[in-house]
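Data block below; observations after.
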Amino acid sequence: MATTSAAIQSATSSALNGATTSSALRSVTTSASLYSATTSALNSATTSALNSATTTSAMDYATTSAFNSATTSALDSATTSAIDATTSSLYSTSTTALLHATTSAMSSFEETSSYSSSSSSSSLSSSFTTSSSTSAPSSTIGDMITSTTSTGAVVVERIEPISPIFVFNITSIGTQGGRVAIMGAGFRANATAISVTVGTYICSSIDIVTINTTISCMMPLGVGLGHVVRVRVNNVTHADSSVLFRYLPPSITSVQSISTAGGTITIQGSSFGDDSRYISINIAGRTCSNIIVRDAHSTLSCTLEAGGSGANQNISITVAGQSSSRNIFNYEPPQITSVSSGGSTSGGLTIISGSSLGGALSSLIITIGGGPCTSPSYLTLHTVIQCTAPPGSGLNVSVSVSVSGLVTQAPIYSYAPPSVSNARPVPYNGGLVIIEGNDLGHDTSSAAIIVNVNGKPCVEPVVNIPSTQIQCRVGAGVGSDLPVSVRVGGQLAPVYPS
């Protein structure tokens, strides 16, 4: 009986040692719980079987059968528990190797358990000699794989993922590209096992920011939005396509002004991209054409045709479906370069030349000396206007031109100077003097007209007939052909008589 016990224990130990020395089992027995569970189960089963067997005084066939049955049942139960523990804790194909080794040892023990004192040791020893375990085939997550042990036992397992992969969010970057952060779960610590695609772009130079939850990578230059983010970890791809990446929309910082005659506009900003095919520009409802990328991502130019005017006009830029707009475009204010002067103080036609004078009469307002220059018309759009000057007098009178609220002023208009052709005589005791001539003014205020007779003021001057006749009062005096001087609006007429 002692020989039998020693033989069985030797066989059991030999089988376990043989299984342990196999390459497949060594790779997985690093799990202390599995090794402990298997060893404990086998020892318990063996001890139970031996104790049961030694209760009888004779080792007959019935005892042998009872021992074999008890041992087999205990080993089957222990093996099942060990396999369940293995399946729930391991996900690699090394699980299959351990299962194969254990099943092979148990099967061999069952087949060689004929109880003979002379042959038990050799039989049990040979039954625990295992062949190489079947390698797990190359499979994908979710596949069921089947393998067969050296004794013909069939093992079926399901390949499970190491961990699920989730992508929650991704930061944006300008069209020039740069590093973005991806937040999620299941990102392994080894960055070399991770790859990221964003739409048709490859996000390279992956770094682990926070193990399992945050990675970063370098996005190349690009444009647009709606790019699907896919993260691949150890050949497992995140399948949820609801997380989308977008490059930042364009941003406008400044816009160059141009004349109302149109011209080339330069626009400064960011996230413009580097390909004009994806860019459109609209200013005040009109298309700005001939778009050129002057500096990638930051400077554009385009050509706007004539037809607009005013300040704080809307400019909108669209880059690959993303738009940005601001009310910061201004046409240049009107500029006056010359005005035809010398018009009569009673008013008359004048011509104003300059730039950015507009092209729509509805947006045009002109004043000379504060009075409206009426009946304006364009001799040349944006550059030459004619209108009828109001009555007035003086030198360097202010001319104001307003186009859609943009105003310029220039003191460059002068009325014709006065001239005296006659002065009617008065009695020696004084009285009203009638003075005739041209461009004698139209303003009846004494401030605009100054008259002297023989060096003395002729007071209370009044315009009787605009531009041609004025009157004033002189005191007593004597003499004939006394000199008369007239000043109108700061311009002095030649002394009469000459």
Side-chain angles (χ1 to χ4, degrees), residues 336 338-353 364-377 379 385-402 409-498:
I336 301 172
S338 67
V339 177
S340 60
S341 297
S344 170
T345 56
S346 61
L349 194 65
T350 189
I351 296 175
I352 303 171
S353 299
L364 180 65
I365 299 174
I366 305 172
T367 62
I368 296 178
C373 194
T374 59
S375 303
S377 63
L379 300 182
I385 305 169
Q386 71 174 14
C387 59
T388 300
S393 60
L395 291 170
N396 301 321
V397 176
S398 177
V399 177
S400 173
V401 177
S402 173
Q409 293 182 340
I412 60 175
Y413 184 79
S414 294
Y415 286 92
S419 62
V420 177
S421 60
N422 186 38
R424 298 179 187 178
V426 295
Y428 68 92
N429 59 345
L432 291 176
V433 178
I434 304 298
I435 302 171
E436 299 172 323
N438 293 307
D439 299 310
L440 299 179
H442 71 290
D443 190 349
T444 60
S445 69
S446 59
I449 302 173
I450 299 174
V451 181
N452 284 292
V453 176
N454 197 27
K456 296 179 180 180
C458 187
V459 298
E460 301 174 1
V462 174
V463 176
N464 289 334
I465 301 174
S467 295
T468 61
Q469 188 182 94
I470 58 176
Q471 69 178 27
C472 57
R473 186 177 297 277
V474 296
V478 295
S480 63
D481 297 327
L482 300 176
V484 177
S485 67
V486 177
R487 184 182 295 272
V488 178
Q491 298 189 88
L492 183 64
V495 175
Y496 175 87
S498 56

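Fair warning: this is a prediction, and the values are worked out from it, not measured in the lab. The figures that follow rest on heavy atoms only: side chains count, while hydrogens, waters and symmetry mates do not.
- Looking at every heavy atom in both residues, G392 comes nearest to H442 through CA-CE1, 3.0 Å.
- Legend: residues meeting side chain to side chain donor-acceptor pair (under 3.5 Å) with S393, ordered by chain and number and at least two apart, are absent.
- When C387, S338, S340 are each tested for a side chain to side chain contact (heavy atoms under 4.5 Å, CB included) with I351, only one passes: S340.
- For the disulfide (SG to SG under 2.5 Å) condition, the pairs that include at least one residue of residues 465-498, sequence neighbours left out, are C458-C472.
- Scanning both residues, P461 and I449, for their nearest heavy atoms gives CG-O, 3.6 Å.
- Under the 4.5 Å side-chain criterion, counting only non-hydrogen atoms from C-beta, T367 is not in contact with V399.
- For the side chain to side chain contact (heavy atoms under 4.5 Å, CB included) test, residues two or more places apart in sequence or in another chain that qualify with I365 are S402.
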| said: Pair S467, T345 - check side-chain hydrogen bond (donor to acceptor under 3.5 Å, both in side chains), show working. | reply: CA-CA 6 Å; S467 295; T345 56; 2.6 Å; yes
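- Taking CD from Q409 and OG from S398, the interatomic distance works out to 4.5 Å, rounded to the nearest 0.5 Å.
- Residues meeting the side chain to side chain contact (heavy atoms under 4.5 Å, CB included) test with A410, sequence neighbours left out: I336, I412.
- At least one donor-acceptor pair closer than 3.5 Å links the side chain of S341 to the backbone N or O of S414.
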Please list every donor-acceptor pair under 3.5 Å in which a side-chain atom of residues 478-497 meets a protein atom from a residue at least two apart or in another chain.
residue : atom : partner : partner atom : Å
R487    : NH1  : G490    : O            : 3.4
Q491    : NE2  : G394    : O            : 3.4
Q491    : NE2  : Y415    : O            : 2.7

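- Side-chain contact check for C373 versus T350: some heavy-atom pair is nearer than 4.5 Å.
- Listed by chain and residue number, S344 satisfy the side chain to side chain donor-acceptor pair (under 3.5 Å) test with S346 (two or more places apart in sequence, or in another chain).
- Side-chain contact between Q386 and L349: present, with at least one pair of heavy atoms (C-beta onward) separated by less than 4.5 Å.
- At least one side-chain heavy atom of I368 sits under 4.5 Å from a side-chain heavy atom of P390.
- Distance check: L440 CG to Q471 CD gives 12.5 Å after rounding to the nearest 0.5 Å.
- Applying the side chain to side chain contact (heavy atoms under 4.5 Å, CB included) test between Q469 and each of V462, V463, I435, I434 identifies I434 as the sole match.
- Here the side chains of I385 and L379 are not in contact, with every heavy-atom distance at 4.5 Å or above.
- The closest side-chain heavy-atom distance from I470 to N464 is not below 4.5 Å.
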